[in-house]
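Beneath this line is the structure, given in structure tokens, with notes to follow.
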Amino acid sequence: MNHHSMKQKILDIVLAAAHRALEAGALRSSDFPPFEIEEPKLVQFGDFSTNFAMAAASVQKKAPRKIAEAIVKYMDDPGGILQRTEIAGPGFINFFIRPDAWYPVLKTVYDQGSAYGARDLGNGRKVQVEFVSANPTGPLHVGHGRGAVVGDTVANLLSFCGYDVQKEYYINDSGRQIRTLGLSVYLRYKELFGQEVNFPADCYQGDYIRDIAADIRNRNQADLLKMKEEDAVSWAARYAAADILEGIRDDLKSFGVGFDNWFSEQSLYDRGRVEAAMGELLSRKILYEHDGALWFKTSEYGDEKDRVVVRTNGITTYFASDIAYHLDKFDRGFERVIDVWGADHHGYIPRMKAAVAAAGRRKEQFDVILVHLVNLLRAGEPVAMSTRSGEFVTLREVVNEVGKDAARFIFLTRHYESPLDFDLEVAKQKTNDNPVFYVQYVHARISSIQRNAAERSDLPQGAWDQQSLMLLQAPEEIQLIKALARYPDVVQSAASLLEPHRITFYLMDLAALFHAYYNKHRVLTEDSMLSQSRLYLVTAVRKVMRNGLSLLGVSAPEKM
RNA sequence: GCGCCUGUAGCUCAGUUGGAUAGAGCAACGGACUUCUAAUCCGUAGGUCGCACGUUCGAAUCGUGCCGGGCGCGCCA
């Protein structure tokens, strides 16, 4: 299988030319600097261009244009893919590809099918993506949804590119907020029995707390009133956390997000992992005692100050269990660990990186993806969102209203470090305002063409026929094939930069090219040969669309 | 005050990890449906890439300073 990308072929041609030029004495140094093969923004500059000459100028001690001339002079084109080359501007070499040289791309798309676009970056290495990890103290809201899609899609991308990926949800089921949850439920429970209670402001205010309390009463799960308050609170806490977690699991499921592992914070304590981690760090003198507390020397690893891991009262901080948790991740054999956090936690990154570094892991082994907030709007007006008052819009409500596909896609229409306006009305619109349908519509349209083609006996679907493909001469057709050829590069950069929005933008581009083509040229005509070639082309477009949408976890409808 | 993020068309945002004359969508204006799905397309107009220096063949992109916006700075989670 020799599916070299066009870009790679150009790179080979340039390098070979450089070597020949060197042998012939037209270049001085065998030291070729790194250079780029890129796709120029303007069509007049060809299909590809290279900055080799400019990049090499200082080493070769020659004017860039002279170097470019030498490269062009000694250039060989064994595959016969070049129509012409030219030297332009300060020393760019522009390459114009013969239209028929693009056709094999279509065959590659067919041959590789659902694997088209995948580059093996991971080589089977184990990577873990941890995301959402919302406290089980209330339902997921829209912001969690964004993190969920980003994490899920990053995991899809890495898995597609040869990593062995595990998706994990970290459950904060120990500590104070869980106790507060228990207390909240307990107090609501007492209210149900007509008792006067003073419901504190720092308890969870949402109605779901009342629902849980009612649930406990109605199903006669336990008689909390007969228990000692302390026992009742902890019983309520466990019950409520499990119940809420079940809801979170369901919400995520209907959002298309599933996890391979649900990891309990409490289990770290139960298995003595926190204690063990602290002990190890203490013996390595990375922890030290000061003012009656235990401190981590994070400042020696780039943090601005040291951090407390065990308080004066003997209780560990959240940081302590987080250290243990991350050490545990690496102990489980993951070579690479990726955390997806809300942007409000960004101040936490230096100390977490410090902890990972102190554990002897390399910088590249740990990444944090910071997902910025979502502004929920309805027809341009902000929707009130306050967790404290309990008046927030849940992820479930959003998914129920606009659908899984629209929600997922829209969450990925921005770089995750950019705040996102999510307008519920726009998400439902079936117009160009809403990119989901714009992209899905391509898939539906092509599916429709295929259904029509199936009625005709003169159109074998999916057959490679070089002769008929030669009929694909329109600029729009070549543009489409070029876009398909670009897809593997897009996937690679999305995966290596952990930037799923690149797939989204690519699909919108491809969709625009297709819709333009569709409006200008008819696929199925009286001309069998031409129809066959165009059918071959649009079927390839459909395959790539499908691949891209599946990475995003968005469906590819046959009809709309 | 310190740190992180951010500033690109009226609005919302891309920008191939330093490339050539800065790109979409929306909004505005003007067009295209007896043809495979008009949930579409075509055209026009729209810019001091926050500002100023610097780095170099070349900067929206890198560096420094300033201005504006968001967030974070607990022995909380």
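None of the values given here were measured: they were computed from a predicted structure. Chain naming here is simple, since letters A, B, ... match the order of the sequence lines and numbering starts at 1 in each.
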Look at the side chain of A:Y438 and decide which nucleotide, out of B:C57, B:U40, B:C75, has an atom nearest to it.
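It is B:U40.
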If you check every side-chain atom of A:H345, which of B:C41, B:G19, B:A77 has the closest atom?
B:A77
Would you say that more than 12 heavy atoms from the other residues, nucleotides or ligands in this model lie under 6.0 Å from the CZ of A:R179, or not?
no
When you look at CD of A:E275, are more than 12 heavy atoms from neighbouring residues, nucleotides or ligands closer to it than 6.0 Å?
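For A:E275, atom CD is not crowded (no more than 12 foreign heavy atoms under 6.0 Å).
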What do you reckon, do A:F45 and the base of B:A20 stack, with centroid distance below 5.5 Å and planes below 30°?
yes
For A:F92 and B:G19, are the ring centres under 5.5 Å apart with planes inclined under 30°?
no
Give one of base, sugar-phosphate or nothing for [X], where a contact means two heavy atoms less than 4.0 Å apart.
{"X": "A:L294", "result": "nothing"}
{"X": "A:T525", "result": "nothing"}
{"X": "A:E39", "result": "base"}
{"X": "A:T317", "result": "sugar-phosphate"}

Let's see if you get this right: which residues in residues 531-545 of chain A place a heavy atom under 4.0 Å from RNA chain B?
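Nothing qualifies; none.
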Return the residues of residues 58-69 of chain A meeting this criterion: a heavy atom under 4.0 Å from some atom of RNA chain B. Order them by number, or give none.
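RNA chain B contact set from residues 58-69 of chain A: none.
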Check whether any side-chain nitrogen or oxygen of A:Y318 sits under 4.0 Å from OP1 or OP2 of B:A77, and answer yes or no.
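Looking at the OP1 and OP2 atoms of B:A77, neither is under 4.0 Å from any side-chain N or O of A:Y318.
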Qualifying residue for side-chain hydrogen bond (donor to acceptor under 3.5 Å, both in side chains) with A:E477, from A:R534, A:K482, A:H521:
A:R534
Please determine whether any donor N or O and acceptor N or O are separated by less than 3.5 Å between the side chain of A:Q44 and the base of B:U21.
yes
Per the atom types in the model, does the base of B:G3 pair as donor or acceptor with the side chain of A:H346 at under 3.5 Å?
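Pair found.
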Would you check if the side chain of A:S468 reaches a backbone N or O of A:Q532 as a donor-acceptor pair within less than 3.5 Å?
no
